[in-house]
Protein chains: 2
Amino acid sequence: MALGDAILACLTERPMTGYELAKTFDNSIGFFWKADHQQIYRELTKLRDRGHIQGREVVQSGKPNKLVYTLTPEGRAALRHWAARPSVPASIKDDLLVRLYALDSVDIEPVRTDLMARLEHHRDRFARYERLLNKRFPDGTAPPADVGKLLGLRIGLAHERAVAEWCEEAIEALSALSSGAERSNVVPIEDGQREKSG
Amino acid sequence: MALGDAILACLTERPMTGYELAKTFDNSIGFFWKADHQQIYRELTKLRDRGHIQGREVVQSGKPNKLVYTLTPEGRAALRHWAARPSVPASIKDDLLVRLYALDSVDIEPVRTDLMARLEHHRDRFARYERLLNKRFPDGTAPPADVGKLLGLRIGLAHERAVAEWCEEAIEALSALSSGAERSNVVPIEDGQREKSG
DNA sequence: CAGGCCATGTAACTTGTTACATGATTCC
DNA sequence: GGAATCATGTAACAAGTTACATGGCCTG
């Protein structure tokens, strides 16, 4: 039940609608915990049933009405209790690493292309975190209330930098591999049915 | 459908039973993709139905019979096609970072304890990867067939090192926070129902 | 007038988690 | 005698994904 707690964590900042939460899960907290709007709406009704949040309808004209959710004292307590429990070490779960694991049974070129896209992605992320850091914490320190958020940004930065550097290394390694292969017996495979060693 | 493909990736190494696969997903490939035995058995029947793998029962005495699964040519082709598609950049999904996000609404001490456990965990992982690296690739290079696995180990190492360093930083930051708090108006909270600012 | 933003949801499906079930063998 | 290992599975539930539905407002 970590998505529910992540939502409670968001609502400690300010009351929000499902829509705003969905956007938050696409940004700040979404850097460590992804969720789309369907998941969020479903979870919100559960949290409301449990009494952890309270919905208040705001009538709007020109726009659809919205449901603003606020943490209840029970919700606050639930969040605090959850936070006091040990966390589960997150595992990596990366598609690309599975591809690399089986690199010998797979075409190298598309994996190399993929790695280049990844490099771009991680560089973008890094730049984004850097901008955020400079904007919210220009002198590199945070007021006590925001220490956790600064730490989040810092691990984001460290992670993206490490992964981007690794991508560069991996691209080089694959390039060396496929230029080496041109001189060996490996022929390009077009038809997935053909076998390299049949 | 990445678990299915991860299983196919494992089976490129050698034919295996569900039990052996489960152990592999607790080790090597499991460093980037976790799955427990229930998930694996379920996926195996699906893969068999699709004709991507073939099961062969091996009668044993003293032990329960086992079902050894082998990749079919169709399975090999499916893996190759999957690998040629772009991967989805993995997101972090870390419980602990959610806790830090809401650090201001939560008790610091258990989070700090958790961080110390994490530091241990990541140091262990780092050491484990290092041992693996020294054992499988003593001179730091790999034969062409194993380049992907070496790259996997390398990102594992980089990742664990970065996270462990960050843990140290985070522990210090939280220690500074809670020793600062002793001199302010924050009182320890035992009962989750009580509010810090009610 | 097409596309994006605001705002909420349902339905169907796939993954992932937790608990239970069986039963012999080997190691302490 | 109890725990761990080998080996396979079912059942129920929680979480995550994909697709669909509605409808006005604003911008290009």
Side-chain angles (χ1 to χ4, degrees), chain A residues 1-8 15-27 29-30 32-50 53 55-69 82 85 87-95 98, chain B residues 1-8 15-27 29-30 32-50 53 55-69 82 85 87-95 98:
Chain A
M1 217 284 289
L3 173 57
D5 295 293
I7 289 174
L8 297 179
M16 281 192 243
T17 66
Y19 188 83
E20 289 174 298
L21 280 164
K23 278 194 303 180
T24 306
F25 274 86
D26 226 54
N27 272 297
I29 207 176
F32 340 112
W33 203 275
K34 279 272 166 238
D36 52 31
H37 81 273
Q38 294 87 337
Q39 242 183 303
I40 287 165
Y41 283 119
R42 184 169 50 186
E43 198 68 34
L44 282 171
T45 62
K46 276 197 221 166
L47 288 171
R48 193 175 41 190
D49 290 350
R50 275 192 212 115
I53 58 175
R56 186 169 44 86
E57 190 165 16
V58 174
V59 181
Q60 299 185 122
S61 54
K63 290 177 193 177
N65 293 348
K66 59 183 180 182
L67 259 165
V68 181
Y69 290 100
W82 169 77
R85 294 212 307 270
S87 66
V88 280
S91 82
I92 297 192
K93 243 181 200 205
D94 193 333
D95 246 14
V98 174
Chain B
M1 219 282 291
L3 174 58
D5 294 294
I7 289 174
L8 296 180
M16 281 192 244
T17 66
Y19 188 84
E20 288 173 299
L21 279 164
K23 278 194 301 179
T24 307
F25 275 86
D26 227 52
N27 273 297
I29 207 176
F32 341 112
W33 204 273
K34 278 271 165 239
D36 52 30
H37 82 273
Q38 294 87 339
Q39 243 182 303
I40 286 164
Y41 284 118
R42 185 169 51 186
E43 199 67 33
L44 282 172
T45 61
K46 277 198 221 167
L47 288 170
R48 193 176 40 189
D49 291 350
R50 275 193 210 112
I53 59 175
R56 186 169 43 86
E57 190 164 15
V58 175
V59 180
Q60 300 185 124
S61 55
K63 291 177 192 177
N65 293 349
K66 59 184 180 180
L67 260 165
V68 180
Y69 290 100
W82 169 78
R85 294 211 307 270
S87 66
V88 281
S91 83
I92 297 192
K93 239 172 209 211
D94 192 335
D95 246 16
V98 174

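Chain A is the first sequence line, chain B the second, and so forth, proteins listed ahead of strands; every chain is numbered from 1. None of these values were measured; they are calculated from a predicted model.
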When the rotation axes relating C1' atoms of four end pairs to the next four are compared across the helix from C:dC1-D:dG28 to C:dC28-D:dG1, five pairs an end, they differ to 10° by 40°

note: A:Q39, atom CD; D:dT17, atom C1'; distance rounded to Å ~ 8 Å

Residue set satisfying side chain to side chain contact (heavy atoms under 4.5 Å, CB included) with A:K23, at least two apart, ordered chain then number -> A:Y19

Sequence neighbours excluded, the answer for side chain to side chain contact (heavy atoms under 4.5 Å, CB included) partners of A:I92 is A:D94, A:L97, B:H159

Taken in chain and number order and not counting sequence neighbours, the residues that satisfy side chain to side chain donor-acceptor pair (under 3.5 Å) with B:T24 are none

Whole-Å distance, B:K93 NZ to D:dA14 C1', equals 12 Å

Considering only nitrogen or oxygen atoms on both sides, find all protein atoms under 3.5 Å from nucleotides 10-13 of chain D and state each distance.
none

The ring-ring contact (aromatic ring centres under 6.0 Å, His included) partners of A:Y41 (sequence neighbours excluded) come to A:H37

Sequence neighbours excluded, the answer for side chain to side chain contact (heavy atoms under 4.5 Å, CB included) partners of B:D36 is B:Q38, B:Q39

Side-chain N,O (B:K46) to OP1/OP2 (C:dT15) below 4.0 Å
yes

Sorted by chain and residue number, the side chain to side chain donor-acceptor pair (under 3.5 Å) partners of A:N27 (sequence neighbours excluded) come out as A:R128

Residue set satisfying side chain to side chain contact (heavy atoms under 4.5 Å, CB included) with A:R56, at least two apart, ordered chain then number -> A:V58, A:V68

